[in-house]
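Structure record follows, encoded as structure tokens.
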Amino acid sequence: MAVAEAAVPMPAKRAKPPGAISRLIAHPSFRWGLLLFGLVAVCGLLADWLAPFDPLRNNFRTRFRPPDETFWFGTDRFGRDILSRTLHGIQVSLRIGLGVALLTALIGGLIGAVAGFWQRADGPLMRVMDALMAFPAVLLAIALAAALGPSELNVIVALSIAYVPRTARVMRAGVLVVREFPFVEGARAIGASPARVLLRHVLPNAMAPLVVQQTYVFALAVLAEAVLSFLGVGPPPPTPTLGGIIADGRDFIQEAPWISLTPGVVIALVVLGLNLMGDGLRDALDPRLRTAIR
Amino acid sequence: MSLLSVRDLAVSFGGTRVLEDMSFDIAEGEVLGVVGESGSGKSMTALAIMGLLPMGGSAAGRIRFEDRDLLALPEREMQRLRGERLAMIFQEPMASLNPVFTVGEQIAEVLRRHRGMDRRSAHREAISLLKLVEIAAAERRVDEYPHQLSGGMRQRAMIAIALACRPKLLIADEPTTALDATVQAGILDLLRGLRRELGMAVLLITHDLGVVSDICERVVVMYAGRVAETGAADAIFARPSHPYTQALLAAIPRLDGPIGALPAIGGVVPAPADFPQGCRFAPRCPHALPACEVGPPALRTTVSGTDAACIRVQEVA
Amino acid sequence: MTALVQAAALGKTFAGGVRAVDGVDLAIAQGETLGLVGESGCGKSTLARVLIRLIEPDAGALTFRDRDITHLPDRAMRALRRDMGIVFQDPFGSLNPRMTVGQLIAEPMWIHGIGDRAARRARVPELLGLVGLLPEHASRYPHEFSGGQRQRIAIARALATEPAFLVCDEPTSALDVSIQAQVLNLLRDLQERLGLACLFVSHNLAAVRHMAPRVAVMYLGRIVEEAARDRLFAAPQHPYTQALLSAASEPGSERRTRIVLKGEVPSPANPPSGCRFRTRCPRAVSRCAEEEPQLAEVAPGQRVACHFPGALRPEELSAP
């Protein structure tokens, strides 16, 4: 009888192939990325404790101090400690980066999912995205930041609008692929409503590229925030931001290079860390690679 | 003397052995079928002979082809051998043909590279090769792109490319699996005819016992990375001796005979990581004894003249 | 015996003018299994999906339990899916990899509001047992199973709502030979025990013969012959059926005289005039190009769409 045939010689539970998490940890570039990014992020989070000085207090007696044992990374033209300002600046930058990554994931993910799933919505939605994409992201953010006024929240909103099309495209592409899998037809065959098919069957299987993309958006947002602050449309002074500190040092780049150098290096580390993490995520979540390993 | 002689071939990926103790010979002009289910190691056999194992795979043992040991041959010489003396066709002709070149250009490329023909005569030869594989209107088809051909014609075009240098051995890996029955019949007829005309040996890799019985003289039946039974096709199909061969033949639905529950083989084909210690079929075998689990059984000659890897073959056959 | 599923002049044309299904009449009675054979591109999988409106028909009428469902609104159609199930060919793609086996099997019951949470949870091991799996498999994910086991899971899921009609679209084509027999036996057994009506679609004639007492043969979007199994395999009347049967290669049996068809299957976007098979038929005459043959009864229960039905004579076979 059919029942006995299959039930008896069922193979022993096979060792599970390593899950996404353990594959990630094992991935060298993800590890390095996490280390870099984590180090910078922890410094930023603990800025209130780690910063040796008040990042906002002017002190004219300590202007343009080169790095020494008191001011490890020197001071700027108001005598403010670069290390303290940079640590607090990290906080602001990461808040903005994270905010943009989450907001674009939400909005872009929604737009992309709807466009990919309902063909009728696809044309109109994606044309709007194309139009948005035609503007250079930073230019769009400048215009929006100028219109909305300079504040941290406005920077997040402006950059999110600028980066939504990228996220939407990635999400749409993922949904278009997953939509064609037989199990989606199978879900329709058991009477699942379109909303359930999308939410329960399509989206969970289309999220991987979005997660990867958002690490890159995070990095892009950190960079763009620096550019906006540098151009003076970021969070208003005296708030310390990485781009703002670089801008402060611009006029003294010959005499006091340490002012711009420190936040510049930090930006580079954050962006490098995020990109390495993104690459690791991409490899770990890539289904083609996974089958190759098996 | 045999054209190809494989002895104790083993293929492993990392610590996992996917194939071991594989030995067989092919005489000139002979058609040998290697048949097995997924994970039986049949495709690895073919790739090991061609020196085309996937990354991370390593072969051990001996593969002698025309007095050369292929496993010891440097890659450069292997490259020359492939295409000239050895050729291979695959299951999915669309994936093996380059979509941006015409069929004729792809055949001509082989001719110019291996036979040093000029452009004009290579084109002429391409047409005659397409005729050889019985593609109608070869003069027109030669300038068409792969996507303009049907599945059957693509497989014929692949065969034409493989034949360009008149190889002594053609390895065909599931050449008809992606094709419909009526088209498959045509391809098998073609292979039979070519082999008679050109005296070319064919190593046919397939999961389809019907295809094997249709065109092969001798058969190697594989199960889970080892040879289960080998011998003359007639003998194996008329009087299979290994319990696996017996069960496999019994489990296939037929176009005639009684209808009812099929005598299915319980359980699943083990993955290479789960290969049993002893006889690999033992966990699914109705005749298994504790002794079967001790070690892999050696091939022994059966009453029907085949060789079967089963310690109980005298009682079972 | 009234039909459970009935199609009248059913058709489906895809974008680009591909007439995948064209004027198909068929009926499947309660508890009956109909086999549907044909080669790739003949429209058999499309027909199977049109019959349960996974693909919308654009011609003809479809009735289910004597109710016209051709234009049933989406919401009502979704509710009706409780009575229909489908098992797909690809056991690797047809199960959502992010759901456990238990979730997969309980989902159809949840959608149709069958039982409460506890009742559904209790039903999962029953269904697993029905298809020869064990209760503890409910907490595992599809990737932990082999192809044959996944196909069992797919069958359990399709049967969770106790449908009256099950479509099996090449359910064993992707499976190993030794596993194929297990799944065929399981389907046969379930069909008998549960009194399911079944459409068994396959390119494998021998598998269809094993599964279905009545068989229809499709070529280029149309049914060319339909008969009881014994009739169809012993005395096929349509030249195409005969060619198909003669091309099947079976291990160990004497090679039959093969009817080699000339040419290629024409494009379904631009089928030949008259009889669609005429371009490859050894028996075609000018009438075949002018007049399309309709399915007509040539023997009790055997319908053939051919102007000149009957066994091909040897001299017809040797014609190039």
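Below, chains carry the letters A, B, ... as their sequence lines are ordered, and counting in each starts from 1. Computed over heavy atoms, backbone and side chain alike; hydrogens, waters and symmetry mates excluded.
- For chain A, the nearby parts of N96(C) are the backbone and the side chain; heavy atoms of each come within less than 4.5 Å.
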Discussion item. Assess the residue pair M207(A) and R98(C) against the criterion (side-chain contact (heavy atoms from CB on, under 4.5 Å)); give the C-alpha distance rounded to whole Å, side-chain angles, the decisive distance to 0.1 Å, and a yes or no.
Written reply: CA-CA 12 Å; M207(A) 290 305 282; R98(C) 303 212 175 245; over 6 Å; no

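- Heavy atoms closer than 4.5 Å to chain C are found in both the backbone and the side chain of R200(A).
- In F14(C), the CZ atom is crowded: over 12 heavy atoms of neighbouring residues, nucleotides or ligands sit closer than 6.0 Å.
- With a 4.5 angstrom heavy-atom cutoff, R49(C) touches chain A only via side-chain atoms.
- For the atom pair CZ of R188(A) and CD1 of I86(C), the computed distance is 10.0 Å after rounding to the nearest 0.5 Å.
- Interface remark: of the candidates M77(C), R157(C), R82(C), R157(C) forms the most heavy-atom pairs closer than 4.5 Å to chain A.
- Taking CD1 of I111(C) as the reference point, atom OG of S193(A) lies at 7.0 Å (rounded to 0.5 Å).
- Side-chain atoms of I190(A) and T161(C), non-hydrogen and from C-beta on, never get closer than 4.5 Å to each other.
- Note on A187(A), G186(A), A189(A): by heavy-atom pairs under 4.5 Å with chain C, the leading option is A189(A).
- What you find for H112(C) and G191(A) is that their closest heavy atoms are NE2-CA, 4.3 Å.
- Summarising the geometry of S94(C) relative to P182(A), their closest heavy-atom pair is CA-CB, 3.9 Å, with the distance given to 0.1 Å.
- Within the 4.5 Å cutoff, side-chain heavy atoms of H201(A) are placed close to those of E107(C).
- With a 4.5 angstrom heavy-atom cutoff, E136(C) does not touch chain A via any of its atoms.
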